[in-house]
Structure formats: C-alpha cells, structure tokens
Amino acid sequence: MSIEIKPIDLHFFDFFVELALDNYYLERTSVGALQANVERSYFVNNLKSLLTDGTGCMALENGKIVGYLAFSCIDVNHTGEKEATSPLYGYGIRHVERGKVIGKLFTSLAANLCEHYVQHLNINVYAHDSEVLWTYIASSFAMDTTDVVRDVHSSIHAEPLDYVFREVDKQELLAYQDTIIELYRQLINHLRLSPVFYHCQDFLPIENRFDDFLSDTLKIFAVFDKDKLIGMINAEPVDNGFAAYDGDAMSMGDVFIEPQYRGKGIGEALLKFANDELLKIGVKRLFVTHGTINPTARGFWDNHFDNFSYALTRQIDTDMLGKIALF
C-alpha cells in the first residue's frame, strides 16, 4: 500500500462530508439504535468549521483520496497544557486497510501538533471501527469515556419492587434539596475513590450543583421508600453531537441511589420506569456518556445500552515537544 499524505484541500470538502457520513452509517450496521437518517447538516457545518479553523491532512492512494484526519484549534486545558481534539466527525476512511490509513494520517498530524507544543491529544472513534480503534490503542492512547445509546422500545427486565416510582416536579425537588445534595455528594466521593480516582473538580462545590436539577428542560424520575427519596435519575434533550439534531432523542444523566439501598435492583427498576415514561411521550432513543474506567458505570449502562463511540486520550512526554533533535 503506497499512501501519500497531503494537507487538507477544501476543494474536496463535499467528499470529506461523504466519508464522515460513511463512518456513521458503518457504525449503524452494528448499532441499530442509532438514527436511520442522521442530519447531514450537522456534519456539513461542523466539518467545515473543523477543516477551516483546525489542522488536518488527507491520505491519497494513486491520486485518489482514501481518508482524512483533523484536529480542532489548539487550546489550553485546565492544567495549562496545550491540547487538541479530533471529534467523531474528524476522520473518514474509504479503504480496506483502515488501520494503516489512520496510522499514516495520525503519524503526520501528531508530528505537526507536537512541534507546536501540544501535549494532550483527544481522539473520538466509532466503537466498532476496530482497526482504527486498535491502531490508536497500540499508539499508547487510553480510553476515557464512551457514548452509548438504546432504543426505548427495547424492554428492560427489572424485578418488581415494593417501592414507589414517579416523576417529580421542580417544587417537590426543593422539598428534598438536602437529600439530593447528599446523594450527589455520595456519587462524587465514589468517583474519587479506587479504581476511578477522578478529581471531580468540575462538580464542586457540591451545594451549587442543586440548581442544575431545576432546569426547565430536565425531567426527574425518582424512587421512594414510603415518603423517603432513595434514588433518582434524570433525562434532558441532547445538547451535543449528531444526537442534538435528533428530535426523538434524550440524554440520561447519573443514577443516584442511597448506599444502603444499593444491590437490590433499584437502579435497574428506576431506569426501566424512566425508559417507559419517556416512551409514552414519543422519545425513541436514549443517549448516555460515561467513563470507561468506572466498572460500576460500565456494568450498569452497558447492560442496557450499546456503545457507539469512544473518547481516547494520550499525554505526550514534555521532552518530545517542539522540534525533536535527532542523534
């Protein structure tokens, strides 16, 4: 395979859009819950911005484009490091050797990014694009988060439980404010411990997060032991990615269950209740993003949802930034 790597040429923009759409529909052959007719304008608008303002390159074989890869503008993260991100629409391949094509594209772009002192790289890949995924993993990328989806018409099996499940309004939430803050605190502390070790700084101070639950677009489903709130889950319109253009989709947030009530199937029963209630109002798909390092999250969400993308991350050694001196 003789592949030539060149800078992105926007004269071929329409073809890059087709490659991005190819990726989506290829993933949909493995994940049927994804929307059958994804919004093309999402790819057109976001890809144009990415290729115009970011940095990218294209792969050619015998003068024919067989792939592209692009990263966003270089940014500075919360630790002061330069970082760049390749979103899910940031790559496209039309070649039988997908891993080799993405490998050559990444080799070229990574050299350019490191010369500009970019230390933190983030890449999003479709979950069933195995050759591409494993090429990145073999290049020392680690999984960070995953996006999952389910068709709400697919049933969730949960044992009948002697608890009350219902949707609660904002006024009722105010009456349970202290309980909800404590539930949130328990979740944060769980994430800070082994094996997750997530700093959770973005969620602090915990008391200030209560207002998030009072959003007009948020639906709260709760479970009660008599009049005691012992768990909750929320759903809201999707606000990012191609699913934000899907009027039949909603995004689910974290599941909060009182520690002494865990292990009784309440979380699963609460998910089933929320799923069935959302089905009644016309929702067809539910999306969740969760951390791959959290075994509790993986065990819960992946039992009822299908993975369709992974966010990968890699930290470059500071000694390898800038123009690399050769010996």
Side-chain angles (χ1 to χ4, degrees), residues 20-39 42-43 86-93 98-99 122-137 141-158 196 219 221 233-255 265 267-313:
L21 286 166
D22 280 357
N23 272 3
Y24 174 85
Y25 287 113
L26 179 62
E27 183 65 18
R28 193 176 181 275
T29 62
S30 297
V31 184
L34 290 172
Q35 189 178 9
N37 297 301
V38 71
E39 182 63 47
Y42 164 78
F43 291 89
S86 178
L88 202 51
Y89 53 82
Y91 81 104
I93 302 168
R98 298 176 64 84
N122 306 298
I123 290 180
N124 293 271
V125 182
Y126 284 102
H128 294 84
D129 200 350
S130 350
E131 284 191 44
V132 171
L133 183 62
W134 285 108
T135 297
Y136 283 128
I137 291 174
F141 275 85
M143 289 184 179
D144 184 25
T145 62
T146 181
D147 290 310
V148 299
V149 62
R150 68 170 275 105
D151 181 341
V152 298
H153 295 89
S154 175
S155 62
I156 295 175
H157 175 73
V196 182
K219 299 179 77 64
F221 303 96
I233 191 172
N234 61 70
E236 61 186 331
V238 187
D239 63 0
N240 61 78
F242 52 75
Y245 287 64
D246 183 354
D248 297 323
M250 292 194 79
S251 173
M252 302 209 81
D254 294 305
V255 180
E268 197 162 42
L270 183 57
L271 175 61
K272 173 179 171 55
F273 175 75
N275 181 92
D276 295 349
E277 291 299 299
L278 292 169
L279 175 61
K280 291 176 185 177
I281 62 171
V283 175
K284 295 180 180 178
R285 282 167 290 281
L286 292 175
F287 289 84
V288 171
T289 298
H290 69 80
T292 56
I293 200 172
N294 187 347
T296 304
R298 290 200 313 270
F300 182 77
W301 295 115
D302 293 357
N303 196 34
H304 303 290
F305 288 70
D306 295 317
N307 302 73
F308 69 88
S309 77
Y310 289 106
L312 311 176
T313 182

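Remark: Ser30 pairs with His128 by the side-chain contact (heavy atoms from CB on, under 4.5 Å) rule, at least two apart or across chains. Qualifying salt bridge (charged side-chain N to carboxylate O under 4.0 Å, His left out) partners for Asp129, counting only residues two or more places apart in sequence or in other chains: Arg98. Every ring pair (Phe, Tyr, Trp, His ring centres under 6.0 Å) that Tyr245 has, sequence neighbours left out, goes to Tyr42. Applying the side-chain contact (heavy atoms from CB on, under 4.5 Å) criterion to Ala235, with sequence neighbours excluded, gives Phe221, Met250, Met252, Leu278. Residues that satisfy the side-chain contact (heavy atoms from CB on, under 4.5 Å) test with Asn124, not counting sequence neighbours, are Thr85, Leu88, Ala311.
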For side chain to side chain contact (heavy atoms under 4.5 Å, CB included), just list the numbers for Val31 and Val149, CA-CA rounded to whole Å, side-chain angles, deciding distance to a tenth of an Å, and then say yes or no. CA-CA 8 Å; Val31 184; Val149 62; 3.6 Å; yes
Carefully, step by step, assess Val132 and Tyr136 under the rule side chain to side chain contact (heavy atoms under 4.5 Å, CB included). CA-CA 7 Å; Val132 171; Tyr136 283 128; 3.7 Å; yes
Passes side chain to side chain contact (heavy atoms under 4.5 Å, CB included), Val283 versus Asp248? Steps please. CA-CA 5 Å; Val283 175; Asp248 297 323; over 6 Å; no
Asn122 and Leu312: CA distance, side-chain angles, deciding distance, side chain to side chain contact (heavy atoms under 4.5 Å, CB included) verdict: CA-CA 6 Å; Asn122 306 298; Leu312 311 176; over 6 Å; no
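Smallest separation of non-hydrogen atoms from Ala274 and Ile233: CB-CG2, 4.0 Å. The two residues Gly253 and Trp301 make their nearest non-hydrogen contact at O-CZ2, 3.3 Å. Counting all heavy atoms, side chain and backbone alike, Ala243 lies closest to Ala249 at O-CB, 4.3 Å. Minimum interatomic distance between Gln35 and Tyr24 (heavy atoms only, all atoms of both residues): O-OH, 2.7 Å. The two residues Phe43 and Ala20 have their closest heavy-atom pair at CD2-CB, 3.9 Å. In this structure, Ala297 and Gly291 approach most closely via the heavy-atom pair CB-O, 4.3 Å.
Interatomic distance, CG of Leu26 versus CG of Asp22, reported as 8.0 Å (0.5 Å rounding). Atom CZ of Phe242 and atom CG of Leu21 lie 11.0 Å apart (nearest 0.5 Å). The OG1 atom of Thr146 sits 12.5 Å away from the CG atom of Asn294 when rounded to the nearest 0.5 Å. With values rounded to the nearest 0.5 angstrom, Ser130 atom OG is found 10.0 Å from Ile137 atom CD1. Distance CG/Asp254 to CG/Asn234: 7.5 Å, rounded to 0.5 Å.
In summary, the side chains of Glu268 and His304 do present a donor paired with an acceptor at a separation below 3.5 Å, with no hydrogens or angles considered. Asn303 and Arg298 form no side-chain donor-acceptor contact under 3.5 Å, judged by distance and modelled atom types alone. In the model, Asp144 has no side-chain atom that pairs as donor or acceptor with a side-chain atom of Thr313 under 3.5 Å.
Separation of the Phe308 and Tyr126 ring centroids does not fall under the 6.0 Å cut-off.
Within the structure, every pair that satisfies the side chain to side chain donor-acceptor pair (under 3.5 Å) test and touches residues 276-293, not counting sequence neighbours, is listed here: Asp147-Thr289, Asp246-Arg285, Lys272-Asp276, Glu277-Lys280, His290-Asp302.
Between Phe305 and Asp151 the shortest side-chain heavy-atom distance does not fall below 4.5 Å.
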